[in-house]
Amino acid sequence: MTDQTSPARTPQRLDEVITGGIGTSPLRPDGTLKVRGEFAYSSDLWADGMLWGATLRSPHPYARILSVDTGPALAHPGVSAVLTHQDVPGENIYGLKTADTPALAEDVVRYKGEPVALVAADHPETARRALEKIVVAYEVLEPVTDPERAAHDDTLPALHPGGNVVRYQPIVQGDPDAVADVVVSDVYTLGMQDQAFLGPESGLAIPDEDGGVDLFLATQWLHVDQRQTARALGLPLEKVRFTMSGVGGAFGGREDLSMQIHCCMLALHTGRPVKMVYGREESFYGHVHRHPAKMYYEHGATKDGKLVYIKARMYFDGGAYASKTPVVVSNATSLGTGPYEVPNVRIEGWGLYTNNPPCGAMRGLGAVQPAYAYESQMDKLAKALDMDPVLLRQINAVSEGSTLHTGQVLDSPAPVAELLERLKRLPMPLENRTAPADVRDLPGGISNTTHGEGVVRGVGYSVIIKNVSYAEGADDYSTARVRLEVIGGEPVAMVHTAAAEVGQGLVTVQQQIARTELAVERVNIHPNDTNVGDAGSSSASRQTYVTGGAVKNACEAVRDVLFAKAARRFGERPADLSLVGGKVVSSTTGVIADIADVLGDDVIEETREYHHLRTYELDPVTGQSPRVHVQHAYSAHRAVVDVDTELGLVKVVRLDCAQDVGKAVNPDAVVAQIQGGSTQGLGLAVMEEIQVEGGHIRNPSFTDYLIPTIMDTPPMTIDVIERADPNSPYGVRGVGEPPTISATPAIVNAIRNATGLDLTHTPVGPEHICGPAFARA
Amino acid sequence: MEFLRPSTWDEALAAKAEYPSAVPIAGGTDVMVELNFDRHRPEALIDLNRVPELHTWEIDDDVVRLGASVPYTRIIDHLTDRLPGLSLAAHTVGSPQIRNRGSVGGNLGAASPAGDAHPALLASGGRVEVASVRGTRMIPIDDFYLGVKRNALEEDELILAVHIPSATAPQQFSKIGTRNAMVIAVCSFGIGLHPETGTVRTGIGSAAPTPRRATDAEEFIAAELADAGLWASRGELAASTAQRFGELVAQAASPIDDVRGSAAYRRHALSVMARRTLTWTWNEYRTAGRAAA
């Protein structure tokens with residue numbers, strides 16, 4: 001057993017001093033390190049004497065395991081352990097919403113890439129060679145790969161005891177048989193998108209003498225990882241301690257477990273530190289993706305363009321395990337009208353089990369898919385009405401006080417029509433086809449495929465709605481511990497939360513809030529770990545709202561203690577006191593003392609939670625709910641594209657965004673989130689798709705799963721408006737997800753505008769523009 | 001795995017003679033990917049980075065002798081005038097970082113049909129200078145590509161340089177990828193006009209087991225240009241001629257369906273690229289003639 005309890009290379013330390021309170025844009029403390037390549041990610045973790053773990057994965061989408069022989073692998077020199085499901089110390093089951101996923105497969109594998117066995121060895125190469133020596137006998141079964149069939153065909157094998165429907169949710173409002181002057185319909189499909197975070201799954205587990213284990217890792221949610229891992233390890237929570245290490249992106253892909261249980265199992269079994277790092281190909285099999293969807297939509301409107309009804313049926317392929325599929329179904333159905341007032345609605349959503357790769361959380365969860373469909377429909381409807389597509393959206397747009405089809409009333413600003421109006425007023429980029437300065441400005445870019453031939457321009461708009469925070473009754477609170485003390489004669493605040501900094505800038509936001517509330521210059525961020533209460537996930541655009549709220553609450557509690565001390569000492573009333581520039585100020589007598597003087601040798605430490613508004617489940621039959629979502633967020637995009645119609649290549653020329661963020665706590669970071677989100681949405685519009693055939697991923701690499709480069713990323717004008725939400729701390733509204741959602745349909749609408757094509761699949765590839773004869777086999 | 005680090009060309013050849021299965025590595029932009037993906041476990045690597053003559057080029061009798069390890073970035077920076085087709089192809093290779101490391105020698109050594117340099121080399125013509133402890137020989141580029149990732153090297157041979165004629169007339173290169181940079185070719189096409197011989201040379205990439213020329217298309221366009229006296233008159237090229245040229249280029253390909261694109265799309269895209277690049281080169285040739293006149 002090692003006596004080492006922390007790795008030689010440390011988890012992220014982000015205590016470089018920044019300045020500025022809320023509403024300013026201090027630079028990120030980790031920014032320079034990351035740009036220089038000096039930031040320590042979880043894949044850089046290291047401990048003396050550590051072993052390397054590796055995972056044997058199923059080569060089949062669906063098969064029965066007949067036998068596993070670990071003997072030859074165990075005999076391989078340098079191998080310390082070979083583990084199977086029989087070695088899982090606790091319950092061999094986990095899952096975010098539904099515990100249906102084995103840590104290691106028992107008698108059946110349900111997707112290609114499912115973990116079957118683990119190896120720990122003295123070198124990663126040795127571990128990989130040993131994997132090849134594990135002998136698994138499979139009886140290969142016919143995989144279930146069509147989600148729509150999985151919803152309705154009872155003759156298919158049930159992949160889980162409850163059948164293949166993870167969740168069915170209808171939402172019905174108004175007259176289901178309403179008729180309209182103008183009707184448009186189509187069937188839309190959306191491909192499987194990958195989060196494509198750059199830092200692969202990795203971590204370092206260190207066994208402790210108390211029989212427990214410390215895991216250093218990159219994750220989005222320490223506590224949910226800890227709970228699931230402890231259950232599988234059969235250990236109490238206090239013996240399974242998780243500490244955040246440098247996170248190389250997440251976007252939802254780190255919300256489910258990957259190597260957590262495995263790495264801890266190997267460390268506990270061998271008594272030595274064990275490190276696991278996935279390669280890129282393994283990463284494609286080792287995390288969940290965005291749910292592909294098939295969506296039947298029908299819109300009816302009056303001849304003046306007022307929406308009369310929407311009917312929709314949506315199928316979401318959850319793959320082998322449930323993960324966030326139930327939430328995808330509720331988000332998609334409850335947001336499936338788009339940000340529009342629609343008197344009559346019938347939307348049904350199915351989330352299915354298949355033998356395809358598991359799908360779960362990804363930025364814009366469950367809202368990306370219907371947004372592509374409903375915004376395609378809005379353009380189709382505008383065309384049928386011969387109406388300006390922006391005007392059509394504006395006359396149907398929700399606003400504060402509108403009632404959604406779930407019955408929920410929008411209780412805070414919803415400037416949907418205004419967002420579109422602001423976009424419409426932005427100047428248009430020049431057309432520069434005849435004498436391009438540079439092929440990089442044209443479709444095909446640097447590949448030099450056109451000098452203007454075949455190129456047509458198009459413009460497309462979209463506006464979307466997304467929920468913020470968890471919904472349907474979830475109390476996804478956050479916890480913050482704030483400590484105030486004098487160090488070197490100066491008051492210093494320390495903020496300790498378990499909230500994951502995944503690149504979104506939370507580390508800066510927490511400091512800004514503490515600096516604003518406590519009027520101190522120096523604020524340190526404690527490494528994130530499970531020694532403080534749950535913060536919930538860095539997802540659902542929720543951390544600035546919820547963890548920001550917890551930091552604010554904890555700071556206020558610290559301030560109350562400080563005021564009580566000051567009031568006692570100086571004979572003031574606490575209610576008269578405030579903090580300004582490191583000093584305690586009385587509204588009656590002016591400056592009374594430095595904070596440092598009031599504190600002296602005392603340390604004030606307070607821990608507080610923030611709980612958002614209570615929400616309620618969707619009625620299982622009607623889909624009605626008094627408040628299914630905590631908050632809604634809105635963004636709109638205008639895309640300008642040039643399309644080479646002969647070669648089917650697209651250049652996004654411009655991608656402008658208008659978004660209401662409530663309150664921009666860090667305005668530069670807000671813009672950066674919108675730039676990044678827009679680019680991720682661009683990827684889904686024109687290139688990003690995991691191609692799955694018979695349950696097999698055909699492009700598990702960044703060679704063939706393409707994400708936008710800077711050459712694909714156009715200039716963006718970003719118009720941020722701030723309409724405070726009275727229910728949220730500082731009026732903030734979630735920022736990170738909406739632009740990802742609205743970018744995709746705006747671009748596809750622009751390609752439609754350029755080509756006149758229907759484009760019922762995204763991402764749009766050359767085969768969709770040049771014609772079905774050119775479809776990839 | 002042995003890692004051999006010769007510091008001279010003779011040491012490199014001796015190493016290759018001793019370890020015929022050794023894989024030479026220079027920039028590592030291809031070899032390292034193969035190793036990292038566990039696709040290849042060579043017995044030995046020969047690191048050629050310390051062999052000076054591989055990193056230089058010289059110009060002699062209107063032929064560029066391009067060292068095998070000269071990175072694409074330097075081709076773009078220094079040889080665009082003489083090797084415009086290869087320079088255009090070099091622009092499309094990977095990212096700036098990859099262009100700083102990758103080289104034509106690596107493309108030739110790997111002999112992947114998707115290598116970006118191949119269509120440009122076929123279109124300009126040239127010879128590959130290879131050597132072993134047994135001596136040196138020149139392999140015409142047309143005879144270099146034998147099969148999927150197979151070239152004409154003997155197992156003890158290494159690539160020293162490529163001899164490429166300086167362009168006497170416009171050249172073009174065009175490549176299909178589904179993003180605007182840093183993409184492996186779905187298919188690609190190179191073209192070079194050779195007025196001194198009255199020929200047009202072509203190169204097709206990523207649409208057959210090997211890079212290959214479209215010989216029927218070349219013969220067709222040579223005859224068209226000769227019959228109409230266009231080389232001398234620098235007259236306009238009929239749209240129908242360019243169209244036909246494109247069709248013949250597409251016919252010369254033997255593409256497959258794969259994850260990057262369908263065979264049908266590859267043929268279609270080749271016909272479009274061939275038509276467009278022929279038109280660009282011919283118009284440039286006409287403009288150059290008018291400028292000279």
Side-chain angles (χ1 to χ4, degrees), chain A residues 125 128-129 132 279-281 439-454 644 646-652 682-683 686-689 691 693 697-714 763-767 770-777, chain B residues 1 33 35-39 41 76 85 87-96 99 114 116 172-190 242 246 255-273 275-277 279-280 283-284:
Chain A
E125 175 81 21
R128 284 198 294 271
R129 295 282 92 89
E132 294 166 5
R280 180 58 56 190
E281 181 169 352
V439 290
R440 289 176 292 188
D441 297 333
L442 287 164
I446 197 71
S447 296
N448 189 38
T449 47
T450 180
H451 293 173
E453 303 95 325
D644 183 335
E646 260 192 305
L647 290 173
L649 301 175
V650 176
K651 169 76 180 177
V652 181
L682 182 156
V686 294
M687 64 182 83
E688 291 192 40
E689 181 168 3
Q691 297 182 40
E693 187 178 280
I697 297 177
R698 299 181 74 203
N699 54 342
S701 73
F702 283 161
T703 303
D704 286 314
Y705 182 86
L706 299 182
I707 58 176
T709 70
I710 194 67
M711 303 279 288
D712 300 279
T713 308
V764 179
E767 64 270 32
C770 295
F774 303 118
R776 271 171 267 200
Chain B
M1 189 191 302
V33 174
L35 295 183
N36 281 334
F37 279 7
D38 229 0
R39 286 186 196 136
R41 287 282 126 172
I76 295 165
S87 175
L88 282 168
H91 271 101
T92 76
V93 174
S95 62
R99 291 194 289 275
D116 293 318
Q172 276 289 346
F173 175 84
S174 191
K175 157 173 148 182
I176 302 286
T178 45
R179 74 179 165 196
N180 290 309
M182 205 172 152
V183 69
I184 303 237
V186 172
C187 56
S188 58
F189 184 71
I256 55 167
D257 286 323
D258 69 12
V259 71
R260 291 177 195 145
S262 68
Y265 177 71
R266 286 185 160 103
R267 278 190 202 280
H268 165 73
L270 278 171
S271 76
V272 175
M273 288 192 291
R275 163 163 44 88
R276 289 182 182 174
T277 54
T279 308
W280 300 340
N283 288 345
E284 198 186 328

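Lettering follows sequence order; numbering is per chain, from 1.
With a 4.5 angstrom heavy-atom cutoff, P443(A) touches chain B only via backbone atoms. Neither the backbone nor the side chain of I710(A) comes within less than 4.5 Å of any heavy atom of chain B. For L706(A), the parts lying near chain B are the backbone and the side chain together; criterion is any non-hydrogen pair under 4.5 Å. Only the side chain of D704(A) comes within less than 4.5 Å of a heavy atom of chain B; its backbone N, CA, C and O stay farther away. Heavy atoms closer than 4.5 Å to chain B are found nowhere in E767(A), neither backbone nor side chain. Using a 4.5 Å cut-off between heavy atoms, Y705(A) makes no contact with chain B at all. Proximity to chain A (any heavy atom under 4.5 Å) is restricted, for F173(B), to the backbone atoms N, CA, C and O. With a 4.5 angstrom heavy-atom cutoff, V183(B) touches chain A only via side-chain atoms.
Top candidate by heavy-atom pairs under 4.5 Å with chain B, chosen from M687(A), E125(A), E453(A), is E453(A). Chosen from R129(A), R280(A), E281(A), R440(A), the residue pairing most often with chain B at heavy-atom distances under 4.5 Å is R129(A). In terms of non-hydrogen atom pairs under 4.5 Å with chain B, the most contact-rich of A773(A), P766(A), C770(A) is P766(A). Counting heavy-atom pairs under 4.5 Å between each of N36(B), D38(B), T277(B), I184(B) and chain A puts D38(B) at the top.
Separation of atoms OG1 (T449(A)) and CG (D644(A)) is listed at 5.5 Å; rounding is to 0.5 Å. Here CZ of F774(A) is found 12.0 Å from CG of D257(B). Values are rounded to the nearest 0.5 Å. Taken from CE in M711(A) to CD1 in I446(A), the straight-line distance is 4.5 Å, to the nearest 0.5 Å.
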Evaluate the salt bridge (Lys or Arg N to Asp or Glu O under 4.0 Å) criterion for residues E132(A) and R128(A): first the C-alpha distance (whole Å), next the side-chain angles of each, then the deciding distance (0.1 Å), finally the verdict.
CA-CA 7 Å; E132(A) 294 166 5; R128(A) 284 198 294 271; over 6 Å; no

Kindly determine whether T92(B) and N448(A) satisfy side chain to side chain contact (heavy atoms under 4.5 Å, CB included), including the steps that lead there.
CA-CA 8 Å; T92(B) 76; N448(A) 189 38; 5.6 Å; no

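Counting only heavy atoms from C-beta outward, the side chains of R276(B) and L647(A) approach each other to under 4.5 Å.
A salt bridge does not link D441(A) with K651(A): every distance from a Lys NZ or Arg NE/NH1/NH2 to an Asp or Glu carboxylate oxygen is 4.0 Å or more. Between R99(B) and D116(B), no side-chain nitrogen of the basic residue sits less than 4.0 Å from a carboxylate oxygen of the acidic one, so the salt-bridge criterion is not met.
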